[in-house]
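To find a chain, count down the sequence lines: A is the first, B the second, and so on, and within it residues start at 1.
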Protein chains: 2
Amino acid sequence: MPDNIEKKPMPKILLVDDEPDIIELIQYHLEKEGYLVKTAKNGVEGLKVAKSFVPDLILLDVMMPEMDGIEACIELRKDNTLNSTLIAFLTARAEDYSHVAGLDSGADDYITKPIKPRVLLSKIKALLRRSTVNQIIKNDKVSLEINRDKYIVICEGKEFTLPKKEFELLALLFSKPGNVFTREAILAKVWGDDIVVGDRTIDVHIRKLREKIGDVNIKTIKGVGYKLNLNVN
Amino acid sequence: MPDNIEKKPMPKILLVDDEPDIIELIQYHLEKEGYLVKTAKNGVEGLKVAKSFVPDLILLDVMMPEMDGIEACIELRKDNTLNSTLIAFLTARAEDYSHVAGLDSGADDYITKPIKPRVLLSKIKALLRRSTVNQIIKNDKVSLEINRDKYIVICEGKEFTLPKKEFELLALLFSKPGNVFTREAILAKVWGDDIVVGDRTIDVHIRKLREKIGDVNIKTIKGVGYKLNLNVN
DNA sequence: AATGCGTATTAAGTAAATGTTAACTGATTT
DNA sequence: AAATCAGTTAACATTTACTTAATACGCATT
């Protein structure tokens, strides 16, 4: 491996599970891939470690004593330090509810037990890819890239330099394609909590985006919010 | 500067306990969180209030004069209007039996005394969250998914983007498949309390749903309400 | 068969949410 | 100081969801 390649620090992963066997198994595979791993055996401990370790990803068992995964997730999400930390649940296939409730509580993914190392690793890779500053989506319908380093958007081969607010707005919609973002959420994320702006401000920005990168489908859901539509009809 | 703050109706909670101190304590904490709270000091009264208030959650003390919590719970469960209302027992830690019997009588959770406000609030939050989550049903007859994040309904593989009211209505029926929802309950949940609409409004929305996702069986029960029929004949 | 009650079905009306445009403000550049 | 640009606002247009009203249907009761 030549030296002139930028050395990216490997992602940090926090693993929270009460079963030592599971911990050992997963930790082994993760470290083999080069990830930096720390572990905790319950939600309370996990919370503590998370705050100092500031991992890129937290793997959280749903069923745990003391504080279960969902509770822990909710607590984790309250911590601004962990804003950009991904959370994935480990859950037995049977507990279907937890999968659902979990995603709602702010998790980014879930992984079902029994855990197959291959699957786990590829899922983790995919998750971490998503979180990197730059994001790309390419399918037969759409080609869109958001590059934070260069602060540009590449859409259908054309390059755009968007103003800050437009850029952030697009990036937000893009962060979870297909998901609806309420006006509230958009204001909170792009503008900030305290700032108060008029009713039409978001619309105008949406309009400018639509004008500039018309290829991408920004869909309005009246009374709910906006979303990026990637499975164009 | 216009106040464009979205008004989300806060969940309604009915608190039934015979001890004024407990009532006061809990009520204080609940209202601080923004919940709409009503109280009753025994099962009989609780039943009466529940029917008109149509709360999202009922906190029910197990030990009460007149009518104890379990009896009350059984009665509450008979009322179709309260179909989608959650019920949680408040119980002293010792009375272990009540936990078992309680869940059997149709309760959704139990909370042990002495009550720690923090724990109570997080439990309540979790309970209420469960009811507004993404849901999937798949069996040999029907395949239906309600995805709140993407605000879509997937029925037999086909994707639908429903308007808000239709979406909420379907989601409500879907929250307890097979159960009947009275018109009052539907109005309370989907439209909200203050809003007054004509007699035919619900019908029209039901019709639109039937039109769009004909595969799913929305059954009318005359004089009672509507239900989602998933065990198609 | 006639009545009455509750629901279904339309189409048309209304209100609410969003779209659009241009003009204004303040910051930054020239 | 003029020009440019991002961001916001205000006024108005447009679109859609939602509601209503009028009428038809279905079923039970008599």
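- Nearest to the side-chain atoms of A:T201 among the listed nucleotides C:dG19, D:dT9, D:dG7 stands D:dT9.
- The side chain of B:W191 contributes no N or O atom lying less than 4.0 Å from OP1 or OP2 of D:dC18.
- Side-chain N/O atoms of B:R183 include none lying less than 4.0 angstrom from OP1 or OP2 on C:dG6.
- Put simply, the side chain of A:N217 does not reach to within 4.5 Å of the side chain of A:L228, judged on heavy atoms.
- Between the side chain of A:D56 and the backbone N or O of A:K12, at least one donor-acceptor pair lies under 3.5 Å.
- Among the nucleotides C:dT20, C:dT9, D:dT19, the one closest to any side-chain atom of B:R200 is C:dT9.
- With hydrogens and angles ignored, the 3.5 Å screen pairs no side-chain donor or acceptor of B:R183 with any backbone N or O of B:I202.
- Counting to the nearest Å, the C1' atom of C:dT7 and the CZ atom of B:R207 are 13 Å from each other.
- The phosphate of D:dT8 has OP1 or OP2 within less than 4.0 Å of a side-chain N or O from A:H205.
- Considering only heavy atoms from C-beta on, A:F181 comes within 4.5 Å of A:K176 through its side chain.
- The A:K222 side chain lies nearest to C:dT18 when the options are C:dT18, D:dC27, D:dA10.
- The nucleotide whose nearest atom lies closest to any side-chain atom of A:P163 is, among D:dA6, D:dC18, C:dT9, D:dA6.
- Distances from the side chain of A:T220 to the nucleotides D:dT20, C:dG19, D:dT16 place C:dG19 closest.
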